Structures are given as C-alpha cells and as structure tokens.
Amino acid sequence: DFDSLNERHTLPSSEKRTFDHWPTQEDPFPGPAPIPVNRLQKFKRKEKMLNKPRGRKVRLRDMITRSEEASKMAQKQAARFDLLLPEDAGFLEGDEGEDTCTISQQDIADAVDITSGTKYFNLKLSQFGPYHVDYSKTGRHLLLGGRRGHVACIDWPSKELMCEINVMESVNDVKWLHSEDMFAVAQKKWLYIYDSNGIELHCIRKFNDVLRMTFLPYHFLLATASATSFLQYLDVSVGKEVAAFSTKTGRLDVMCQNPHNAIVHLGHHNGTVTLWSPNQKEALVKMLCHQGGVRSVAVDKTGTYMVTSGMDKKLKVYDIRAFKPFKSYFLPAGASCLSLSQRGLLSAATGDVVQVYRDVWSTPVNKPYMAHRTRGAVWGLHFCPFEDVLGIGHGDGFTSILVPGAGEPNFDGLDANPYRSTKQRQEWEVKALLEKIQPELISLNPTDLGEVDQVSFKQRHQERVEALGFDPLEKEKFVPKYKKKGRSSAGGIERRKKQVAHEDQRDEIRKTVEDKMKMEKEQKEREKKKAALFVNKSALDRFKK
Amino acid sequence: MKVKVLSRNPDDYVRETQYDIQRVPRNYDPSLHPFEVPREYARALNATKLERVFAKPFLASLDGHRDGVHCLAKHRTSLSTLLSGSCDGQVKVWNLTERDVCALSKHTKDLCVEIVVRFCGTSFFTVGDDKTIKQWKMEAPAYGEEEEPLNTILGKTVFTGLDHHQKEGVFATCGQQVDIWDEQRSSPIRSFTWGVDSFSSVRFNPVETELLASCGSDRSVVLYDMRESTPLRKVIMKMRTNTVCWNPMEAYYFTSANEDYNLYTYDMRHLDKPVMVHMDHVSAVLDVDYSPTGREFVSASFDKTIRIFPKNAGHSREVYHTKRMQHVICVKWSSDNKYVLSGSDEMNIRLWKANAAEKLGVLSPRERQATNYNQKLKEKFQYHPQIRRIARHRHLPKNIYHQAKELRVMKAARHRKESNVRKHSKPGTVPLVAEKEKHVVTVVK
C-alpha cells in the first residue's frame, strides 16, 4: 500500500532493504482457475476403476493409478482449451408472440450478412427428375444426382461447377467417397465410380441393383443395399468387396449408418430395423420399430439416439445404446426423409414440406423449429456438415435453406477442414489411409479393443481345442508297452490295462470323496454359524430344552 | 426476430501469403473424433512395424588390434574416448567420433587383462599377465618421445582384475587375493583373502563408493567393505561367475554374469535369493555392463551375441549379432546411454546403438513429437497379440535358434520330471522350489 512505499523512499540508503517491507497482498483467487463441470464431462472417456487389484500386484495397481492421473490431466487440459474455440453456434429467436416456424427463409436471408444470405439458393432443374443430395465430409462440396441421369458436383459456397454429366441411365443414389476427388453413382444396373471431373473410373458389376449407399469414412468402406436384398461392403482404398450378405428381408431402400460405431441400420417393410456389421452373416440386432413399414432412419453423431419414421405416421426416438424406446411422436402425414444435423436438429420431410425440429430427445416437442415448402416432392435431405444449411433435393431441383444452429461451429483442422489447400488434402489422405481401421474391428462397442480381455479359462480351452483339432489337456489313453521275447501275451496286456484302470478309478473315487467331505464340512460350518447366531440371541436360551 | 447464422471469415482460416504456414484450428471434442481406440491401434501397429523396419543397430567397427580384444574401458569424463586392451598386450586409445586411434601404448608382450581410467581422466592404469600394474598418461606421446608408463608397480602374483575408486586415489586388484592399493604406495594397503585361490574380477560400487564385489573361482561372489579388515559376506552359486557389475542408480543391486548361461541380479542385503534371474543366452555369459540410467544392462556371451536386458525382466528385449562377430569378450554401455561397445576375439570393437530404431542426431520438434507419440502408442498396445508378435520378432542365427530350442526342450523335460516325481510321492516330501532359489548354494558370512 502507498504509505509503506513512501516510507521506503525516505529511508537512508545505507540501511539494508529487506523484502519484509514490501506490501503483501493475498491472491483473491488462489489456485488454478476452476473448470465448469459440464465441460469437463464432455471430455471424460471412462469412469475410474472401482476395484483395483489389491495385495501383491503393486506394479499393476501403480500403472493403473498413474494412467488414470494422466487421463485426468488430459481431460482438464482439453476442457481448458475449449475456451479458445473461435466460433459460436447460430441461433434463431422469435420476438414476443412470434413463432420461429412462421419465419420465412427470405426474411432470414435478408436479416443476416451477404455471405450467409447467398447460402440460401435454389437450383431449378425440372428436366431430369427428383434429385438425390450428398454433401462431402468437409461440407464444401455438393453432389446432385437426378433420377433421369443428371449428375453434377458443385463447390457450393463459391457456386463453382466441378463437373456435370448425364450418365444416360436412371440413377438410384449418389455418394461422395472419402474426399472430393471421387464419387459413387448407383445406376440402373451396376455401381459406377467417377472422378470429380466426370470421368468414369470404375464400373463394378458385382454390385448390381444398388438402391442406397452409405460411406464409412474411417474404414474406407462403401456399404450398399440392393433391390435383391443384398448388403455389400466395398473397400474403396483397395478396391475389394469385403463382405456380402443376403439379408433375405426383401427390397432394401432404407439405410443409414451410425457414425459412432460404423454399424449399418437397415429399415424394412415389416417395421423392423436391423443392425449389420461386416463380420457377421446375420443381423447383430433386430428391432421392431413401427407397425407399418419403416420409411426413414437417422442416427445422431454420438451414436446414442436413433430416430425412425414409419408408415404408421409415427416418429420414434430410440436409445440405441440400451435398445429401448425413448420418445414417440405423431406426425399427421408421416415423414418420408429424415436427417440429423451435427448439433442435434432433426429435419423431416413430408411431401413438399420440410420441417426442422430442435431437441427431439431432451424436451417433448410439439411444434417445429422451422418449416419450408419446396416446389416439388422432397426426395433427399442432407444437413451440410459445418454450416447452418440444409440441402433439399426435390422434384424441381435443389434448394439450400438456412437453419441457424444446425452446424458445428468449430471444426478440427486435422480431420475435416473446409478451408484446406490441395497439399493439406493430400497429406490428410495419406494419413487417413495409414490409419484405416480394418473391417474386423467393427462392432457395437467401438472401445472393445481398450477393454481387458477377461476370457475365461474354459472359453480359451475351447478355442484351443477347436484350433488344434484335439484336446491337449485330455488324458492320453494308456497303451501298454509291447514287451519282447514273448512276455507280451494278450492276458498280460489286459492285466496291465486293468491295473492302470483301477488306479484311475481309485483316483476318481478319492477325489469325489474328498469333494464330498469338503462340502459336508462347509455345510456343517454354515449350520454352526447359524446356530451360533441363534445362541447369542438371549442368555435364557440355555434353559431351553 | 434475433438471428445469427454461422459465417466464417476466410481470412481467419486461410493463410495470408504463400510464405506463411497453414492455419490449423483444433477442436478436441471427442464426438468429432470417433473410433479413437481402433485408430490408435492402427497407428500402434504401424509404429511397431516401422520400428522393425528401422532397427539397424550396427554403426561402426573399429579395427586395428592385432589380437583379440580382451578389455574395454570407458573414460570417466569424455564421451568420445575409449580404451581397449588386446590379448597381445597392446592398449589403444580410440576417438569414437572419428572412429580412429589417437594413441597407442604397449603394455608388454603378454595379455592385457584390465584397463581402468582414473577418476580425473588424465591417466589410466593397466594390469597384465606379467604381474605389473602400470599407470600411463592419457595424451599421446609427443613427437620423438617414447611411450613410457608414468609409474610401474611390480606384484608378487599374476593380477586378473583391476578397478579404480570413484573419488579417491585408491584402486583394487584381484589375483590370488583382493588387494587395495594407494596410488602413491608400491605395496597394497590392505589384502582380503577368504580361502579362494583365485579371483576373476573386482568392481567398486559407483554409489556406495567404499564397497567392492569380486568373483572367486569357488563359484562365489564376495562382497567387501574397504573400511573393514575382513570381507563382508559371500554367496556361492551352482556355477562360476565371470564378471559382476553394480547398478549405477541403485546402490545395493549388482548383476553377475554366470557360466550357466544366466545373469543374476542380487540385492546386496539379501544374498540368499537373487532378485531376478535373466535367462536368454545359449552359452556362458562373459561380461555385463549397466546403462547409466540403471534401468537396463547389456551382456556379452560366448555364443556370439550381445543381449540387452531390462533390469527387472527375465528375458532380453534386444539381441545383436553379426556373422563377422565371434565370441564377445567384453562389452560396455556408453555414458550417454546411446551406444553399446563390444570387443570380441576377432580383433574388432563394434559400436552399436542401444535403441536399434532410434534416429541419431538432432531431431526437429515435429520429429521428436512424432517419436514420442509412437513410443507411447507402442507402450499402450504392447500386450495385444498381433502387436506383441511383431515387436518381439528378432532374427537369430540358425545355430543359436536351434540351441535355444534345445535348451527349452531340456528345461521342459526337467520340469516335467520334477512334477511327476512330486505327483507320485508322499505329499510334502518333494517341496516346490522357486526358480530363483535353485541357483544359489549357500550364503557365507
């Protein structure tokens, strides 16, 4: 404080100055800055191990403790870094009494800045039939496929046309592969792969009558569902068919993937949704979801909730981790297409109306967040990955509408970067190929590899028997040695065999007798304990007969 | 209405000029990075495979000796100096950075048994089959000067080992008995005997500097304290120990290289049972040296290989061999923890990397980060069967491979016989003896 400072000035210079004279102030906020609990929770991977190995396993216990401390520190550091994220999510709030679903797209486009306003646009393509839509993983490139054969890929923020071709056949579905270099088109008969310049690279005849496709980005697998009820997986890095299953459930035209564990969800006409992985010939899980056929399925990015819509005009939300129904809504006209955005907004299309709902699983929803009417019947819906934009493919072409709060505001530059240069894309592609996950690792729980393998001894023994063809632990049959010089007669051999058999019998009897004795002893002790408790009840019990 | 739509300014996400580095914004949200465990597993697999690809440990061979290399000595203060003595009495001072000789001194016509550098680094002592101890200057003799020892001490009997104290001007020799010498005296200040007729090596403890260990020909390892007049205690084993090395980080642990193809790490305080038995060699182990971190040691064996063992593991993590390298007599781990030097009886000293796949030299920060990440990944997934299989794989010369297989079969047969004997005798008459206890005969105080 100032008084003591002034004092110091007047002290003679010959006197020693110690730091005791400096003013001391206490730090009003001691220690490191606190981190909000929900942000810490976001980065938590696993709960602390409750029953650590005790006793002599000191080294193992130390290792577990140390690794838990390290992951706690990593969790804290990641939570602190969250403060530095540059962007915030979008939002739309109506005035007093105004309903957000009544606000038109044109109003929103006029209210926001020019660049965002250009994100609302309409492509009038009425000649070549209803359009399928796909956005690439970075959200920068858009692929349109018209039913009558028109395929175009566009860099939509700059409206630059990358390629435009007519494949002269009917197009069932279009899908981007791992980057904006290649895309797959499911045509009338076979599956074709094109370059982003429109050059046909491959015609894969093994994949015939493909109706729907989905790309698993971290496994480089293209999963296709065909009209002949076949589910096939194609590894696009190597070019080989990894698995093909005949699902025997009829025409497959409802398909989606769970981005959390790469499981493919198929919807069927009898109201069931089946879950598939390339490692098993049968479905992993079969869920009965609707009373009529299933019209559309969507899974959120954390793999917790699945939203399905059916012919019974219901929209149901399931908890996919526990396979339990969560919520059920009634839509007056049912939903033909569903799409979930990165931040959990659900878009449902009925006829030519598209409705967007917010928070379908946390709070009960009675009215949509936004609505939009298009000029033709809606054929495909897709939220753009890191933008507040929903792409609608319909009978009259393509419309891109603004949905504030749909896109993830902060992307990770090393994973999917919309602003990457060619060099960055090439480096990313090489690294992604090196880290490609083998299809054998696809399972319902993606963290299976990190669990301790506690296979029981029995199961291990069974596997060994299967692998070797015989049981190594089984007792070998006694074969008496053939004695020379006539000492090995039939009677002698039988006698020797009987001796060993008697020994074995004795061993067995001894063992069973021992086990029995042990059990009886335990029983006696238990009864004794019980009786002892009874005895201690009252002191007058000793006078009882 | 209040509305905000996500709109990013490209100036914040794209670099300004061609000469800048690219901008990479990060978001560590786990939902943006699915499949963490399988992707890390794929990276660990790649890291393990690449480690095997880059595992090229042999660096250089120093030749020039005209007979087998019998002993090596590290310089106490200089990393690039190495001294070596050969079986024809030649002592060479090598400069490891130039891989060339910087001084050549002649001991005698006979075998040069042991060299040790004085703690100050300016002179070194040699001991040979000619019953003399000689002290030499470290620098090469000037032009026209003859190479002459600074000091010569004549002893009564042949000396077989030599070691110098860490801080004082005292050294110890062993031959028929263990003698402690002062540098200024010409007779030993103390002699230790214990009924053993010859000792093969003696070593000072680098941490507890007054303690010594020596290996006797009656299959024993004897411990001494310089301040006392009699030896402390000795442990007698089933077969003879060739050399002993103290752990430079833990004062009471020492490792002995034994003739029965194993190495034993003992705790000085409990000599009745070794702390660890290190089994992997297929012939007698001749020399052992600890790394300066005290976590690993290297052993040289009569089967023409050198092996690197972690201090608390029963099996080696690495084996180095070459067609040209014959029986390895002596081995040293360099003081900067990076290199291993081996001298063999075909007159060559070989320089190897301690971590076979390590990139030497200055690494850029990105290289260092990538190396650290790969190292941690390999550690994390080391127990997964596919990764373990690749990490463990080492090529062995055919005779060593077959010999090791044979030894395994023999060991299994012995084990099976013992358990059969136990099964068919009265319970309790054949007790279970732990592997560690099998090799010690007795401890004598």
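Because the structure is predicted, anything quoted here is derived from the model rather than measured. In what follows, chains carry the letters A, B, and so on, assigned in the order in which the sequence lines appear, proteins first and then strands, with residues in each chain numbered from 1.
In this structure, chain B has heavy atoms under 4.5 Å from both the backbone and the side chain of A:Phe43. Both the backbone and the side chain of A:Ile108 come within contact range of chain B, each with at least one heavy atom under 4.5 Å from a heavy atom of that chain. Looking at B:Arg15, neither its backbone nor its side chain comes within 4.5 Å of chain A, counting heavy atoms on both sides. With a 4.5 Å cut-off on non-hydrogen atoms, B:Asp12 does not touch chain A at all. Neither the backbone nor the side chain of A:Gln438 comes within contact range of chain B; no heavy atoms are under 4.5 Å apart. Using a 4.5 Å cut-off between heavy atoms, A:Phe81 touches chain B through its side chain atoms alone. Residue A:Pro259 touches chain B through its backbone alone, counting heavy-atom pairs closer than 4.5 Å. Contact annotation for B:Glu36: only side-chain heavy atoms (C-beta onward) come within less than 4.5 Å of a heavy atom of chain A. Residue contact with chain B, scored on non-hydrogen atoms closer than 4.5 Å, involves the backbone and the side chain of A:Leu92 alike. Residue A:Ala406: no heavy atom, backbone or side chain, is found under 4.5 Å from chain B.
The shortest heavy-atom contact between A:Tyr218 and B:Leu32 is OH-O, 4.0 Å.
Between chain A and the options B:Arg8, B:Arg23, B:Arg39, the largest number of non-hydrogen pairs under 4.5 Å is found for B:Arg8. In terms of heavy-atom pairs under 4.5 Å with chain B, the best-connected choice from A:Lys423, A:Lys431, A:Arg420, A:His219 is A:His219. The choice from A:Ala79, A:Pro418, A:Pro404, A:Gly405 that makes the most heavy-atom pairs within less than 4.5 Å of chain B is A:Pro404. Among A:Thr302, A:Asn417, A:Thr115, A:Asn261, the residue with the largest count of heavy-atom pairs under 4.5 Å with chain B is A:Asn261. Contact count against chain A (heavy-atom pairs under 4.5 Å) is highest for B:Pro25 among B:Pro25, B:Pro34, B:Pro10. Of the listed residues (A:Asp107, A:Thr447, A:Leu441, A:Asp88), the one with the most heavy-atom contacts under 4.5 Å to chain B is A:Asp88. The candidate from A:Lys301, A:Glu93, A:His260, A:Lys42 with the greatest count of non-hydrogen atom pairs under 4.5 Å with chain B is A:Glu93. Of the listed residues (A:Lys436, A:Arg45, A:Glu98), the one with the most heavy-atom contacts under 4.5 Å to chain B is A:Arg45.
Checked by atom type and distance alone, the side chain of B:Arg26 never pairs as donor or acceptor with a backbone atom of A:Leu414 at under 3.5 Å. No donor-acceptor pair closer than 3.5 Å links the side chain of B:Asn27 to the backbone N or O of A:Asp412. When atom types are taken as modelled, the side chain of A:Asp388 and the backbone of B:Val5 share no donor-acceptor pair closer than 3.5 angstrom. Between the side chain of B:His384 and the backbone N or O of A:Leu449 there is at least one donor-acceptor pair closer than 3.5 Å.
Atom CD in B:Glu379 sits 11.5 Å away from atom OG in A:Ser67 (nearest 0.5 Å). Taken to the nearest 0.5 Å, the OH atom of B:Tyr28 stands 10.0 Å off from the CG atom of A:Leu85.
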